[in-house]
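Input: a single structure, listed below in structure tokens.
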Amino acid sequence: MYLSLHFSLYTLHRKNMYELKIKKCLEDFLGRKDLKLTVPPKGMKGDLSTNAAMVCQVDPSKVISELEKLDEVESAAKAGSGFVNIKVSDYAVNAELAEITSGTKYGRGSEKGNVVLEMVSSNPTGPLHIGHGRGAAIGDSLGRIYQWAGYNIYKEYYVNDAGRQMDLLGQSIFNRMNGKEVPENGYRGAYIDEIAASMGGCKSAGECTQKAGKMILDDHFRVLSKFDVEYDNVFSEKSLIENGDVDEIIDTLDKKGLTYKKDGALWFSSSKFGDDQDRVLIKKEGELTYFASDCAYHLDKSQRFTHLVNIWGADHHGYIPRIRAFWESMGLDRSGTMDIMIYQLVNLKRGDEKVSMSTRAGEFITLEEVIDEVGKDASRFFMLMRSPDSPLEFDMELAREESKKNPVYYVQYSHARICSVFRKAGIEFKSIDPGQAGGIGPEEREVVKVLAHFPYLVSKCAALKSPHLITEYLREVATVFHKYYDGVRVLGSGAMEKPRLILLEGVRRIIKTGLYLIGVSAPEKM
RNA sequence: GCGCCCGUAGCUCAGCUGGAUAGAGCGUUUGCCUCCGGAGCAAAAGGCCGCAGGUUCGAAUCCUGCCGGGCGUACCA
């Protein structure tokens, strides 16, 4: 298993207030901590369900009478299969809603650690494409989720601004500028000519490399900013080479007896640490490999942070064993964690028609073009609708459609609708005391139960590194709200008006927070 | 060949730290606008969870082997 350097998974699963009380009651009574408290399948009676009696092989009626002593539990009952199903009291549901609508910390975690997220890190040799967009959407959302869980987050962009690819870029542009053919394996395409034209002349290929690299990098950040992805730092590969860090790390590996010369190149014995072959650090021409500077970069990060998270496209997954081999060879797995997250690639389409992603001029769709066509919100939401492990089908036609079919609008609409109710009522929520939620009925209960799932959901996203669970959850919240709103009158409902407004505010807050965590706006009007 | 990911409804996919009758959206069929935003709601139909074994009281979930698809397998990144 390459990906074994995880954060400790499943340890930060959070419960809401009433779940915590119930869980603790079970643990104290039965003397163990591995008992489950989950939501029963659809169609089953009860709000929560536990396997405690089954696992501990005790009489369910004993568990039931213990649970029923709690204020949070209205009743509990044995199900045929050995589960105990629990009905949560109205008192607990009201208290939960009051908690959701007070303060701004509902579902926040208190994890400790300094996490560096490395994402996109595209070579500055061409425009960002849709795949980079997925990496950015996943990485940035994960950052927001980790932050919500309590970690300090630092987002870094590693630039491969040295080496052969950059030289090729410079040479390609220089040649075009002077009306010559680009070198073999060089860069082509309309964007190369555009850059050449807008640069205003260079004396040498080296100068072209410099200028073009900066132009393209600036352009990457401009597009990422349009995507609401901002970085804390840009880390230059060149700086590592120039300040001697790369030489130093090679020296260190050398002293550990982990390098050797073969065919004129210097090799790292990565196969001693699980890689399927050894890797070159210095090519026979004397050039450093990207891998060599990557080692230096990862060592540098390990000194600055407690957790490293790298977000890479599936086309880079073959790179994992060697970087992990380096990590282990330095004994770094004992002083911190490194997590490499791989996401599968994106297939663009319009309805049933596939959009070619060939890099030949004219067929290449950039990330910016996608954002401009379907909008930032829809782009980000769509990128996160699937598990990172699954290839993503991105339907541009659906993404720009403004209807219930489009999940982005469906979710955002629920937020706008609630804002509209408050506008209509002429009330600001600040003027309502959430403590007055008391007296909610069965319809409201169903909504609060879904809202109360939020703390668990967010912690699960963080633990599993799966921001896509949020998009799914938001649809669920929106569905339960639209359904509720369709059947219940809020304004002018007498004694129920206030509790119902509090409920709406609860829905609004969860939707808004959830959308924030995936980097999508929560409009008050649409 | 080897490595990683995926195979669940017509389509796109959740679920996979083992648990009750396997879920959602789209598509299809049928209803709901005197009403706080219909950019909405309700209902129906639709499944050997790729195949075969194994572990277990219990498997879509864990293990093994196949089959199918994607990606990777450089002194490119």
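Residue numbers start from 1 in every chain, and the chains themselves are labelled A, B, ... in the order their sequence lines are given, proteins ahead of strands. Below, each value reflects all heavy atoms present in this structure, side chains not excepted, and no hydrogens, waters or symmetry copies.
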Protein-to-nucleotide contact annotation, 5' to 3' order, nucleotides 19-26 of chain B [B base; S sugar-phosphate only; - none; under 4.0 Å, heavy atom]: BBB---SS
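- Side-chain contact check for A/His129 versus A/Leu367: every heavy-atom pair is 4.5 Å or farther apart.
- In this structure, A/Ser141 and A/Ile470 have side chains that are not in contact, with every pair of non-hydrogen atoms separated by 4.5 Å or more.
- For A/Ala265, the side-chain atoms get nearest to B/rC75 when compared with the rest of B/rC5, B/rC75, B/rC4.
- Proximity of A/Met396 to A/Leu348: side-chain heavy atoms (C-beta onward) are separated by under 4.5 Å at one or more points.
- Rounded to whole Å, the separation between the P atoms of B/rG27 and B/rC11 comes to 16 Å.
- Where A/Ala478 and A/Asp294 meet RNA chain B, the nucleotide closest to each residue was compared, and A/Ala478 sits on the side nearer the 5' end.
- Annotation: B/rA22 and B/rA59 have their P atoms spaced 13 Å apart (nearest Å).
- Atom CG of A/Leu392 is separated from atom P of B/rG70 by 17 Å (rounded to the nearest Å).
- Close placement of the A/Tyr485 and A/Phe481 rings is indicated, their centers lying within 6.0 Å of each other.
- Using a 30° and 60° split on the angle between ring planes, A/Tyr410 and A/His482 fall in the tilted class, from 30° to 60°.
- As rounded to the nearest Å, B/rA9 and B/rC71 have P atoms that lie 23 Å from one another.
- As a whole-Å value, the separation of A/Leu398 CG from B/rC11 P is 18 Å.
- For A/Gln277, the listed nucleotide lying nearest its side chain is B/rA74; candidates were B/rC36, B/rA74, B/rG37.
- Dashed line: the shortest gap from a side-chain N or O of A/Tyr319 to OP1 or OP2 of B/rC71 is not under 4.0 Å.
- Remark: A/Lys449 engages A/Glu446 in a salt bridge, criterion side-chain N to carboxylate O under 4.0 Å.
- Taking a cutoff of 4.0 Å between a charged side-chain nitrogen and a carboxylate oxygen, A/Glu505 and A/Arg508 qualify as a salt bridge.
- With its glycosidic angle within 90° of 0, B/rC33 is assigned syn.
- The side-chain heavy atoms of A/Arg423 and A/Lys525, taken from C-beta on, include a pair separated by under 4.5 Å.
- Under the 4.5 Å side-chain criterion, counting only non-hydrogen atoms from C-beta, A/Val411 is in contact with A/Arg475.
- The distance from atom CG of A/Asp263 to atom C1' of B/rA74 is 14 Å, rounded to the nearest whole Å.
- B/rC66 and B/rA43 have their C1' atoms separated by 43 Å, with the value rounded to a whole Å.
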Dot-bracket encoding of pairs in RNA chain B, which uses [ ] for pseudoknotted crossings and | for another strand, Watson-Crick or G-U under 3.5 angstrom: (((((((..((((.....[...)))).(((((.......))))).....(((((..]....))))))))))))....
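- What separates CD1 of A/Ile418 from C1' of B/rA39 is a distance of 14 Å, to the nearest Å.
- In this structure, A/Lys460 reaches the B/rC16 phosphate: one of its side-chain N or O atoms is under 4.0 Å from OP1 or OP2.
- Nucleic acid contact class of A/Leu469 (heavy atoms, under 4.0 Å, all strands): sugar-phosphate only.
- Under 4.0 Å is where a charged nitrogen must lie from a carboxylate oxygen, and between A/Glu118 and A/Lys301 at least one such pair does.
- Checking the phosphate oxygens (OP1, OP2) of B/rU12, no side-chain nitrogen or oxygen of A/His468 falls inside 4.0 Å.
- Within 4.0 Å (heavy atoms only), A/Val480 reaches no atom of the nucleic acid at all.
- Listed nucleotides B/rG37, B/rC76, B/rC36 differ in distance to A/Lys283; the shortest reach to its side chain belongs to B/rC76.
- A donor N or O paired with an acceptor N or O is not found under 3.5 Å between the base of B/rG72 and the side-chain atoms of A/His316.
- Contacts of A/Tyr456 with the nucleic acid, taken as non-hydrogen atoms under 4.0 Å apart, include base atoms.
- Rounded to a whole Å, the CG atom of A/Leu474 is 17 Å from the P atom of B/rA14.
- Nucleic acid contact class of A/Arg279 (heavy atoms, under 4.0 Å, all strands): none.
- The shortest distance between the side-chain N/O atoms of A/Ser390 and the OP1/OP2 oxygens of B/rA14 is below 4.0 Å.
- Comparing the same atom, P, in B/rG25 and in B/rC33 gives a spacing of 22 Å after rounding to whole Å.
- Of the listed nucleotides (B/rC5, B/rC71, B/rC36), B/rC71 has the atom at the smallest distance from the side chain of A/Asp315.
- Taking atom C1' on both B/rC13 and B/rC6, the two are 12 Å apart, rounded to the nearest angstrom.
- Using a 4.0 Å heavy-atom distance criterion, A/Tyr410 is classed as a sugar-phosphate-only contact.
- One C1' atom belongs to B/rA60, the other to B/rA14, and the distance between them is 12 Å to the nearest Å.
- If you check every strand for non-hydrogen atoms under 4.0 Å, A/Glu524 touches a base.
- Checked against A/Tyr297 for a ring pair (Phe, Tyr, Trp, His ring centres under 6.0 Å), the options A/Phe291, A/Phe326, A/Phe235 give a single hit: A/Phe235.
- Nucleotides B/rC16 and B/rC49 are separated by 11 Å at their C1' atoms, to the nearest Å.
- In this structure, CZ of A/Arg423 is placed 12 Å from C1' of B/rC36, rounded to the nearest angstrom.
- When side chains are defined from C-beta on, A/Lys23 does not count as touching A/Leu20, because their heavy atoms never get closer than 4.5 Å.
- The CD atom of A/Glu285 sits 11 Å away from the P atom of B/rC75 (whole-angstrom rounding).
- Atoms NE2 (A/His482) and C1' (B/rA39) sit 8 Å apart, rounded to a whole Å.
- Nearest-nucleotide positions on RNA chain B for A/Val421 and A/Leu288 put A/Val421 closer to the 5' end.
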